[in-house]
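Encoded as structure tokens, the structure appears first; notes follow it.
If you read the sequence from its start, that first residue is 1, and numbering goes on from there.
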Amino acid sequence: MVVALIIACEVGFWVLLALGLGARYLLKWRRTSVVLLLCEPVLELVLFAVTAYDLKNGAEPGWEHGLAALYIGYTVAYGHYTIRWLDGHAAHRLAGGPPPAKPPRHGLPRAAHEGRMWLRTLVGGAVASTLLLVAIWYVGDDGDTSALEATQGAVLKVVGIHGLIALTYLVWPKRGPAGGVPVGSAPKGRGPESTCGSAAGRDQPRRCD
């Protein structure tokens with residue numbers, strides 16, 4: 001039952017997201033869009049309630065209960081980020097908005113981006129670990145909580161591995177293309193403020209002050 005509900009919550013997340021963005025940019029129903037997107041956290045609350053009810057009724061704690069905790073933690077950490085990312089693309093594709101900014105690719109800006117993503121993973125891991133601790137305490141000494149404890153160990157490993165990967169971008173920053181022109185700059189004498197010697201300036205007095 002818990003696994004089926006996790007799948008239903010995942011499907012419901014994307015359905016609500018599609019309906020919300022469609023209502024905002026295709027139908028121009030902004031308030032309806034907000035209501036639909038605010039329904040997203042309800043899915044996690046339902047999953048949490050059903051998981052707790054399942055354990056309360058004497059279900060043996062298993063990997064599916066640990067998976068429910070992982071799903072809730074991931075959604076808390078990355079749900080808003082995913083919605084904002086897709087909202088930017090929908091605004092660009094459906095409403096003529098500017099293209100969404102891409103993450104930096106090189107140097108310290110890329111390292112900072114990877115660090116922020118790791119912090120999201122850390123938050124998700126903390127939420128999942130807290131839920132697992134509550135479940136272990138709830139089951140008590142009478143039940144077998146080895147599956148929940150194993151899930152806790154997996155959470156710590158994922159957070160640690162992601163942290164090491166993010167750290168490599170700081171210790172060994174990714175270099176940009178050799179000889180590349182910095183973003184926002186133009187070659188000398190070719191910028192829009194320089195017309196001295198250009199085709200547009202041949203019919204005008206050569207004045208470069």
Side-chain angles (χ1 to χ4, degrees), residues 1-21 34-89 103 110-171:
M1 179 177 65
V2 175
V3 175
L5 185 59
I6 292 173
I7 297 174
C9 287
E10 180 66 13
V11 173
F13 175 86
W14 292 105
V15 169
L16 286 174
L17 183 55
L19 291 175
L21 295 179
V34 172
V35 172
L36 289 170
L37 294 177
L38 287 177
C39 289
E40 298 279 11
V42 177
L43 299 175
E44 281 65 55
L45 294 177
V46 170
L47 178 59
F48 176 78
V50 171
T51 303
Y53 178 80
D54 194 43
L55 291 173
K56 181 179 180 180
N57 284 349
E60 190 71 21
W63 64 268
E64 64 273 15
H65 300 99
L67 182 61
L70 293 177
Y71 179 83
I72 294 174
Y74 178 85
T75 305
V76 169
Y78 284 94
H80 179 70
Y81 175 83
T82 302
I83 293 174
R84 187 176 59 185
W85 182 78
L86 287 174
D87 182 68
H89 282 275
R110 176 59 185 270
H113 170 75
E114 295 295 335
R116 288 191 294 269
M117 297 303 291
W118 176 74
L119 287 177
R120 293 184 182 277
T121 300
L122 181 62
V123 170
V127 171
S129 296
T130 301
L131 293 176
L132 290 168
L133 280 174
V134 171
I136 293 172
W137 170 81
Y138 187 74
V139 172
D141 298 331
D142 297 333
D144 182 11
T145 59
S146 58
L148 301 179
E149 293 169 358
T151 305
Q152 277 187 313
V155 169
L156 292 176
K157 289 179 182 178
V158 169
V159 173
I161 292 173
H162 191 179
L164 290 176
I165 294 175
L167 185 62
T168 61
Y169 286 91
L170 180 63
V171 177

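In plain terms, the two heavy atoms of L148 and G62 that are nearest each other are CD2-O, 4.0 Å. L55 and A135 get closest at one heavy-atom pair: CD1-CB, 4.1 Å. Contact record, A128 with V155: CB-CG2, 4.4 Å, taken as the closest heavy-atom pair. Listed here is the closest heavy atom pair of E10 and W14: OE2-NE1, 2.8 Å.
Every side chain to side chain contact (heavy atoms under 4.5 Å, CB included) that L119 has, sequence neighbours left out, goes to L122. With sequence neighbours left out, A69 forms a side chain to side chain contact (heavy atoms under 4.5 Å, CB included) with L131, L132. Applying the side chain to side chain contact (heavy atoms under 4.5 Å, CB included) rule to W63 yields the partners V3, L67; only residues at least two apart in sequence or on another chain are considered. For F48, there are no ring pair (Phe, Tyr, Trp, His ring centres under 6.0 Å) partners, not counting sequence neighbours. Remark: Y169 engages no residue in a ring pair (Phe, Tyr, Trp, His ring centres under 6.0 Å) (not counting sequence neighbours). Annotation: side-chain hydrogen bond (donor to acceptor under 3.5 Å, both in side chains) contacts of Y53 (sequence neighbours excluded): N57. Looking at residues two or more places apart in sequence or on another chain, you find no salt bridge (Lys or Arg N to Asp or Glu O under 4.0 Å) involving E40. The side-chain hydrogen bond (donor to acceptor under 3.5 Å, both in side chains) search around D54 returns H65, not counting sequence neighbours. Residues meeting the side chain to side chain contact (heavy atoms under 4.5 Å, CB included) test with A147, sequence neighbours left out: none. Here H113 pairs with nothing under the ring pair (Phe, Tyr, Trp, His ring centres under 6.0 Å) rule; sequence neighbours left out.
Between the CG atom in L19 and the SG atom in C39 there is a gap of 10.0 Å [rounded to 0.5 Å]. Remark: D87 CG to T82 OG1 distance equals 12.0 Å, nearest 0.5 Å. One finds the OG1 atom of T75 at 6.5 Å from the CZ atom of F13 (value rounded to the nearest 0.5 Å). Here the CG-CG distance, from L37 to L21, works out to 6.0 Å after rounding to the nearest 0.5 Å.
Residues V139 and D144 form no side-chain contact, since every pair of their non-hydrogen atoms from C-beta on lies 4.5 Å or further apart. For the pair L167 and W118, the minimum side-chain heavy-atom distance is 4.5 Å or more. A heavy-atom distance below 4.5 Å is found between the side chains of I72 and L47.
Within the structure, the salt bridge (Lys or Arg N to Asp or Glu O under 4.0 Å) test picks out the following pairs touching residues 113-134 (sequence neighbours left out): R110-E114. For residues 55-82, no pair satisfies salt bridge (Lys or Arg N to Asp or Glu O under 4.0 Å), with sequence neighbours left out.
S129 contributes no side-chain N or O that, together with a main-chain N or O of A126, makes up a donor-acceptor pair within less than 3.5 Å.
Using cut-offs of 30° and 60° for the angle between ring planes, the Y78 and Y81 rings count as perpendicular.
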